[in-house]
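Everything quoted here is computed from the prediction, not taken from an experiment. Remember, it's 1-based here, ligands and their atoms both numbered in the order they're listed.
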Amino acid sequence: MHDPAEFRALHLDRFLAEPDIFAAPGRVNLIGEHTDYAEGFVMPAAIDFATLAAISPRGDGKIVVYSENYGKERVFDAVNLPVEASLHWSDYPMGVVAMLARDGCEIPGFSLSLWGDVPLGSGLSSSAAVEVATALAVVSLNGARYTGAQIARLCQRAENEFVGANSGIMDQFISANGAEDHALLLDCRDLSYRLVPLPANVALVIANTMVKHAVAGGEYSCRRAEVEEACAVIARHRPEVKFLRDATVDDLANWGSEMTANALKRGRHVITENLRTVAAADALERGDMAEVGRLMAEAHWSYSHDFEASCVEADAMVELAQDLPGLLGARLTGGGFGGCTVNLVERSKAPAFAEALAGRYEGRIGIHPQIHICHASGGAHRLEAAAVAGGPVEKKT
Ligand code: GLA
């Protein structure tokens, strides 16, 4: 994590103005994949990796966005905001600003510095972290009041309507609403949720296959279209089925023959995944880790075989973890086609687990994976002055 005091100094140095600083985390999803846009259930947790956003007002009507990760700055006019994406890192923050403006929010001039350590393209929601941190920062300038759910919706719209990625609500929602040491069971239909405690002796071990994934890529949209196709076939017979959330395995038995083979498989994954996700939350609440692990394994192979959103490397990472001491459950997390696996591991055994898994993976795949031992962190928030205050910072004249 970037030292917030250093980050403040960096902003002050560049923009000669004292910033407020906000943080928004990335996430892992424990279970419930490609169910959010089918109005189903997901159970993610926020993680220790985050984006920091430092913001200060300016009087010249400009919006200046600086990315510390890219070492680049872009300048916009607050009364003439971009209306479409430019295939640039600034699309994520500016998409949020554009959505706030569409929402009727007055957008003043400001300087925004961004820095993040959520690994990019690894299925850990680096883009949602940027969006949510930006939203909190910009909203703080004009005193507008947004709930965590509204921030999540706004950022999802930025992704859908501005960036052009057809994603659901999960990533932005957990980034805005996560809670320390808890997973969050979200009903994506009405955005009601339940925080589910993670046992203190369990670590989240995130194993990066190092295979890049992109939600903006064609595979994600293609799967989404197949899920919608399965739903449309069922809806011909049962018009009350608006999303696969409303469908059952019996519907697939009855009308699956009218679907393409792919739509049938994708539908089976989503319908069974919803059941598994609710069951996993219940099992976690009872402390039944064996059942949580069993459901995670079932979810992984459903994601791999029926949804066909895994890859050789992710399947290997899950397989190679199975008999390692301390493993409670493992599966590919996030949008699929690469990225990371999430492993629930007894905390005392996590370091040895991580080392052994890295060795096995490198031995089989020939790539050294990054493995992180994390815990479930809190959702997006403003950093307290005490956390930001470093030593005295000299202003440039
Ligand atoms: C990506 C999307 C989410 C969700 C997951 C799959 O992370 O951004 O909305 O659909 O994939 O569960």
Side-chain angles (χ1 to χ4, degrees), residues 24-47 49 91-92 95-96 118-132 149 152-178 183-189 191 193 206 208 211-228 231 243-245 266 269-274 276-277 280 296 299-300 302-304 306-311 314 331-342:
R27 63 103 188 91
V28 280
N29 188 18
L30 298 186
I31 192 164
E33 226 61 88
H34 282 256
T35 46
D36 57 355
Y37 54 76
E39 295 207 345
F41 295 91
V42 294
M43 189 164 62
I47 53 174
F49 298 108
D91 288 344
Y92 294 94
V96 169
V118 186
L120 298 184
S122 301
L124 300 178
S125 297
S126 54
S127 51
V130 170
E131 291 154 5
V132 172
R153 262 294 176 238
L154 182 104
C155 293
Q156 183 200 9
R157 281 180 54 213
E159 186 121 358
N160 296 166
E161 296 171 29
F162 192 91
V163 176
N166 211 5
S167 53
I169 186 77
M170 170 169 68
D171 306 346
Q172 292 80 7
F173 197 91
I174 184 66
S175 183
N177 299 289
L184 185 156
L185 176 71
L186 175 65
D187 181 338
C188 299
R189 167 149 285 170
L191 301 189
Y193 67 90
I206 298 172
N208 195 337
V211 177
K212 289 280 179 198
H213 120 121
V215 171
E219 296 281 23
Y220 184 94
S221 300
C222 166
R223 291 300 180 282
R224 185 168 177 161
E226 288 164 346
V227 166
E228 285 162 3
C231 186
F243 291 87
L244 276 191
R245 153 71 175 277
R266 312 310 184 227
H269 166 78
V270 171
I271 291 170
T272 57
E273 185 82 346
N274 275 325
R276 281 188 291 270
T277 303
M296 285 175 77
H300 177 79
S302 169
Y303 204 30
S304 178
D306 272 347
F307 212 71
E308 296 179 282
S310 187
C311 56
R331 54 175 292 280
L332 171 60
T333 190
F337 313 103
C340 296
T341 66
V342 55

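Summarising the geometry, atom OG belonging to Ser302 is positioned 6.0 Å from atom CD belonging to Glu273; distances are rounded to the nearest 0.5 Å.
Numbered from 1 in the order shown, with element, the atoms of ligand 1 that lie under 4.0 Å from a heavy atom of Met170 read 4 (C), 5 (C), 12 (O). Residue contact check: Asp36 has heavy atoms under 4.0 Å from atoms 3 (C), 4 (C), 9 (O), 10 (O) of ligand 1.
Within the 4.5 Å cutoff, no side-chain heavy atoms of Val342 are placed close to those of Asn29.
Inclusion of Asn29 in the set of residues having an N or O under 3.5 Å from an N or O of ligand 1 is not warranted. For ligand 1, one of its N or O atoms has an N or O atom of Gly168 under 3.5 Å away. In terms of N/O distances under 3.5 Å, ligand 1 is approached by Asp171. Checking only distances, Ser125 never comes within under 3.5 Å of ligand 1, N or O to N or O.
Among pairs with a residue in residues 24-35, those fulfilling salt bridge (Lys or Arg N to Asp or Glu O under 4.0 Å) read Arg27-Asp171, Glu33-Arg331, at least two apart in sequence or across chains.
Between Phe307 and His34, the ring-plane angle classifies as tilted under the 30° and 60° cut-offs.
With Thr333 contributing its side chain and Thr341 its backbone, the two residues share no donor-acceptor pair below 3.5 Å.
In this structure, the salt bridge (charged side-chain N to carboxylate O under 4.0 Å, His left out) partners of Glu308, at least two apart in sequence or on a different chain, are Lys265, Arg266.
For the ligand labelled ligand 1, residue Arg27 lies inside the 4.0 Å heavy-atom shell.
For atom 10 (O) of ligand 1, the candidate residues are Tyr220, Phe173, Tyr37; the nearest heavy-atom contact is made by Tyr220.
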